[in-house]
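The structure appears below as structure tokens.
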Amino acid sequence: MNTDTTNSDGIRTDGTDASTPPHRYTAAVAQDIELRWQAWWQEHGTFETPNPAGPLAEPEALEQRGEKLFVLDMFPYPSGTGLHVGHPLGFIGTDVYSRYQRMTGRNVLYTMGFDAFGLPAEQFAVQTGQHPAITTDQNVANMRRQLRRLGLSHDPRRSISTTDPDYYRWTQWIFGQIFDSWYDAHEQRARPIAELVEAFESGSRPTPDGRAWSELTPDEQHDAIDGHRLAYVSDAPVNWCPGLGTVVANEEVTADGRSDRGNFPVFTRTMRQWMMRITAYADRLIDDLDLLDWTDAIKTMQRNWIGRSTGANVHFDTPAGRLTVFTTRPDTLFGASFMVLAPEHPLVDALTTPDHASTVADYRRTAGAKKDVDRQDESREKTGVPTGSSAVNPVTGHEIPIWIADYVLMGYGTGAIMAVPCGDQRDFEFARRFGLAIPAIQRPPDSWFERHGIEPTLDTTAWPEAFVGDAPYVNSANDSLDLTEVTEVAEGVRLTNEWLEAHGNGAATVTYKLRDWLFSRQRYWGEPFPIVYDANGRPHLLPDEQLPVVLPDTDSFSPRTFDPDDEFSNPESPLDRLDAWVDVELDLGDGPTRYRRDTNVMPQWAGSCWYELRYLDPTNDEAFVDPDVERYWMGPRTDVRPDHPGGVDLYVGGVEHAVLHLLYARFWHKVLYDLGHVSSKEPYARLFNQGYILADAYQDTRGIYVDAFAVTERDGEFFHDGQPVTREWGKMGKSLKNAVSPDEMYEQYGADTLRLYEMAMGPLDASRPWEARDVVGMYRFLQRLWRAVIDEHTGAITVVDTPADPDTRRLLHRTIDAVATEMAALRFNTAIAKLIELNNHVTKLDATPREVAEPMVLMLAPLVPHVAEELWCRLGHTDTVTYERFPAADPELLVDDTVEYPVQVNGKVRGRITVHADADAATVEALALADDKVVAAIGGAAPKKVIVVPGRMVNVVV
RNA sequence: GCGGGCGUGGCGGAACUGGCAGACGCGCGGGCCUUAGGAGCCCGUUCCGGAAGGAGUGAGGGUUCGAGUCCCUCCGCCCGCACCA
């Protein structure tokens with residue numbers, strides 16, 4: 001390691017010079033301390049955490065630790081460019097928290113592994129010809145080194161990588177568990193496929209076509225089972241991305257119809273792909289959010305993504321047969337004056353009359369050519385054409401025309417709607433545009449008319465918009481259903497639903513926006529599926545003893561990519577080309593048979609769906625996790641809350657995973673729970689979203705980012721290379737050319753200063769700008785701390801064994817009290833402020849009493865572990881601070897003998913009085929009214945009222 | 001448009017259930033130490049004012065003895081969703 005802190009001009013870069021005292025806390029000293037302690041921790045296995053069972057079981061060690069605590073960072077991707085100072089913000093936060101909790105006696109599980117499959121390594125491999133496994137191993141090694149240099153207190157034995165066959169063996173095993181399960185809608189849980197077969201055999205569950213199970217051919221049985229699996233192959237509309245050469249999940253498509261990686265166009269195509277039946281869990285994924293300690297923002301995003309709507313399916317008779325629509329407002333059925341189908345709806349052809357055939361065909365062609373991007377231009381007017389057919393409104397018996405229009409989406413509900421123009425703004429606009437009838441079925445309240453400046457009327461030609469809300473129904477009665485007396489939507493819905501069910505015209509139902517999860521990718525660098533296909537193309541799961549299916553070696557890693565706009569290209573997976581690997585002869589119970597391997601790989605999300613479970617028991621080769629180990633670390637904490645779901649105690653990461661990773665991981669966890677493999681219902685009991693570190697980024701006139709560190713400012717304008725550039729605010733990163741490397745910080749200040757700065761600059765959940773010049777404040781603080789304990793000239797310890805004076809002692813205990821509270825609440829910025837105050841006070845003393853120095857070092861240990869270890873050691877201790885008890889405040893010292901009360905007159909502070917702490921309100925009031933300044937402010941008037949807030953203040957009202 | 005969040009010094013940010021606004025850090029000003037200061041230390045620093053004093057938490061209104069904090073209206077910024085029937 002290079003410890004020379006001079007640059008090529010011989011100028012020191014660490015702020016020291018020849019006159020710097022030899023034992024000052026400088027960057028060089030910090031580096032020496034940090035590297036020494038990092039080596040010591042590793043040598044002594046300081047952060048190794050005992051398990052109750054399995055390969056890492058250490059019952060005696062466990063006995064000595066207190067309650068368990070599982071602290072987790074979101075799984076990082078080992079990027080080839082290494083870390084910048086923005087990355088470790090959350091990592092430092094979890095490290096400080098973990099270290100603090102260890103000092104309160106908790107048995108803390110804290111480690112970090114790597115989500116190492118994925119596109120960047122593969123793309124790098126394609127460019128360089130180097131195998132992604134090599135690149136990935138290098139990147140992982142580099143990142144481990146960088147994390148160690150930060151002083152993170154990870155248990156190194158538990159660090160895993162998704163690309164390790166010993167890991168993905170279990171990813172494949174879990175896939176097999178999901179494949180081998182079906183969702184019992186009645187019991188609301190996943191069950192093994194074997195139990196489905198039993199139910200079919202016994203007849204307790206009817207087969208798809210009603211015949212006896214024994215009458216079905218083996219192929220028919222196979223198909224019946226496959227149709228129920230939680231992981232299934234399906235010909236379904238998927239998002240095909242020619243630019244990436246693969247299909248992607250709905251969650252990976254941005255609002256403007258492009259891939260979130262690479263920003264290529266995405267086309268909807270029907271293809272044969274693996275799907276995960278996440279929709280079966282839609283209700284539980286929504287309902288169990290209530291059990292989680294997550295922010296409302298994230299919960300709301302998940303609820304919106306799942307998009308549960310309750311309403312009814314309603315059947316309409318048409319010339320092409322029954323047409324079913326979904327509506328959230330069945331109560332408005334009397335107002336349905338036309339119907340609209342999505343242009344892609346399968347009944348469109350059958351419903352189109354010859355005289356409308358050409359306009360319908362034209363419209364469908366235009367709508368089809370329009371990508372989702374164009375379809376959602378906000379201001380655009382509604383378009384559509386009539387099919388020429390009509391349907392019968394089941395409550396009115398009226399014939400209503402059927403249109404097609406692209407404001408109705410095939411992907412939601414049934415792809416068809418009943419249009420109620422008086423009660424739905426979109427239908428209202430459409431009806432107005434095309435002159436369709438708008439019958440009124442509710443009488444809006446007078447206030448509604450008043451707001452729109454019109455007289456109350458049921459003549460909707462006078463209405464400026466649709467009315468949505470509770471109001472009495474009108475024109476809403478037939479022989480068997482009458483809503484006339486009803487005034488609330490909920491009641492109208494209830495009565496209509498009853499009627500629909502009684503008359504066979506529909507039923508109450510629930511619809512979700514959530515679609516099943518597209519799970520296959522035509523890529524190389526991912527987990528192979530543990531699946532082979534027989535001669536009939538039916539999938540078979542490989543038995544556990546054949547796992548892992550190791551990713552075959554090749555030097556051709558690239559999927560075939562296409563012109564990003566070539567919608568009609570077809571995916572070609574890299575594994576397809578490996579004939580020798582693809583064709584296998586196996587005995588899966590029916591004698592040796594030839595099979596074809598599945599040539600897809602799993603999406604990157606697969607490995608991160610269960611990694612926290614592997615941290616618990618990373619070396620177990622009998623099970624993905626020992627059940628006792630899982631129960632210990634993640635079991636429900638019913639002692640904390642009766643409905644506690646279990647899971648990780650604290651999960652820290654960015655908001656960008658709000659719907660992707662967090663939804664997928666919850667789904668997998670629930671499947672494992674249903675199958676009895678884990679005791680926790682949810683993977684992450686508490687989620688904390690850390691902010692980002694932002695930095696100025698600069699673009700030149702071409703919109704290209706320029707090196708942010710070469711930009712100069714003149715009169716509020718910014719220049720790069722003499723050319724004007726514009727400043728913007730962005731996340732720190734390589735692409736914005738504004739990344740600051742932690743190595744620069746180590747060289748100038750050391751890792752402890754960097755840690756302290758990142759924690760002090762603001763609350764952990766807030767994004768904040770990186771200000772390189774501010775870092776020095778925390779460096780100075782550590783220098784003052786050092787100087788309070790050690791003589792800068794001799795290196796000798798200067799603490800004295802004489803007792804602290806009462807003021808200092810009181811301040812110490814107040815600080816202990818505050819710091820403990822703030823650390824437990826993840827408010828490290830305010831904890832640091834309190835510690836600086838204490839240290840600033842100590843600095844002014846003639847000598848630092850050991851009585852203060854030791855607790856101060858202990859309190860700082862979670863934040864700046866290296867300098868704390870060093871000082872702790874120099875103070876005469878022989879073991880690590882890691883498991884020392886965090887100081888406890890003496891409650892007696894938290895209360896002062898006397899209290900200073902500000903005295904307000906009419907709400908303004910006019911004087912101050914000092915009163916004995918146990919003085920009663922009358923005494924305080926008397927003293928306040930006697931104060932000279934207060935007397936002057938009152939000016940002789942008689943006080944109307946005197947408010948005394950005990951321990952706080954006095955307010956005199958005149 | 002809908003949903004969520006946020007507006008406090010020159011800057012990052014403090015302020016527990018309504019109770020002394022601006023903790024702590026940066027920067028800035030002054031001083032010390034120095035051949036030197038881009039190191040370190042000490043003092044000061046919301047604004048106006050010489051001071052006494054006054055004003056002040058995006059704007060306006062309200063509740064209260066008392067509002068950064070609670071309520072209403074508006075303005076601005078950020079995030080998510082986006083014709084979801």
Side-chain angles (χ1 to χ4, degrees), chain A residues 11-21 24 26 255-256 295-301 303-305 307-309 311 325-329 332 340 342 372 375-378 380 382 405-409 411-420 423-427 429-430 511-513 655-656 658-659 729 756-757 760-763 766-781 783-784 787 792 818 821 827 829-837 840 843-844 900-909 912 943-947 949 951-958:
Chain A
I11 303 211
R12 287 179 178 252
T13 54
D14 67 346
T16 64
D17 66 23
S19 70
T20 302
R24 173 165 293 173
T26 59
D256 50 357
T295 62
D296 286 337
I298 297 274
K299 289 187 185 183
T300 305
M301 282 189 234
R303 284 194 193 100
N304 290 345
W305 187 264
R308 177 163 65 189
S309 312
V325 304
F326 173 73
T327 176
T328 56
R329 292 290 303 276
T332 62
V340 187
D372 293 348
R375 267 204 181 191
Q376 63 188 27
D377 177 12
E378 311 169 11
R380 102 181 214 282
K382 294 219 166 7
D406 65 7
Y407 83 91
V408 175
L409 309 173
Y412 185 75
T414 62
I417 61 159
M418 62 177 212
V420 182
D424 181 288
Q425 187 57 24
R426 294 157 301 181
D427 299 344
E429 286 166 17
F430 193 79
T511 304
Y512 306 89
K513 256 167 70 181
V655 283
E656 73 272 21
V659 287
W729 213 218
L756 201 54
Y757 171 63
M761 66 201 288
S767 291
R768 47 319 237 317
W770 177 263
E771 291 290 355
R773 65 181 190 187
D774 289 4
V775 180
V776 71
M778 293 303 114
Y779 182 58
R780 288 178 191 151
F781 164 49
Q783 289 187 328
R784 290 196 298 276
R787 200 157 38 229
E792 287 190 332
T821 307
R827 289 192 294 261
N829 53 329
T830 47
I832 292 167
K834 301 286 181 198
L835 286 162
I836 292 174
E837 283 183 272
N840 286 351
T843 305
K844 293 183 180 71
E900 189 187 65
Y901 280 78
V903 183
Q904 298 182 338
V905 176
N906 290 339
K908 290 201 184 294
V909 179
R912 288 168 197 284
K944 272 193 226 144
K945 196 170 175 184
V946 179
I947 293 125
V949 184
R952 284 272 178 202
M953 44 109 51
V954 181
N955 190 10
V956 182
V957 186
V958 293

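These values consider heavy atoms only, across backbone and side chains, with no hydrogens, waters or symmetry-generated copies. Just so it is clear: chains get the letters A, B, ... in the order the sequence lines come, proteins before strands, and each one is counted from 1.
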Annotated structure of RNA chain B as dot-bracket, pair cut-off 3.5 Å, Watson-Crick or G-U only, | for inter-strand, is (((((((..(((......[....)))((((((.......))))))(((....)))..(((((..]....))))))))))))....
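Under the ring pair (Phe, Tyr, Trp, His ring centres under 6.0 Å) criterion, A:Trp305 pairs with no residue, sequence neighbours left out. By the salt bridge (charged side-chain N to carboxylate O under 4.0 Å, His left out) test, A:Arg912 pairs with A:Glu900, sequence neighbours left out. Contacts of A:Asp427 classified as salt bridge (charged side-chain N to carboxylate O under 4.0 Å, His left out), with partners at least two apart in sequence or in another chain: none.
B:C81 and B:G66 have their P atoms separated by 45 Å, with the value rounded to a whole Å.
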Polar-atom pairs under 3.5 Å, protein N or O versus N or O of nucleotides 7-12 of chain B: list them with distances, or write none.
from	atom 1	to	atom 2	distance (Å)
B:G12	O2'	A:Met761	O	2.8

Taking N or O atoms only and anything under 3.5 Å, show me the protein contacts with nucleotides 64-67 of chain B, one pair per line.
from	atom 1	to	atom 2	distance (Å)
B:C65	O2'	A:Asn955	ND2	3.3
B:C65	O2	A:Asn955	ND2	2.6

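In this structure, the CZ atom of A:Arg780 is 15 Å from the P atom of B:C24, given to the nearest Å.
With hydrogens and angles ignored, a donor-acceptor pair under 3.5 angstrom links the side chain of A:Arg912 to the base of B:C20.
Looking at which nucleotide of RNA chain B each of A:Val775 and A:Ala766 is closest to, the 5′-most match is held by A:Ala766.
Here B:C24 is the nucleotide among B:G4, B:G80, B:C24 with the atom lying nearest to any side-chain atom of A:Asn840. The side chain of A:Ala833 has B:A23 as its nearest neighbour among B:G3, B:G19, B:A23.
Heavy atoms of A:Glu792 sit nowhere under 4.0 angstrom from any nucleic acid atom.
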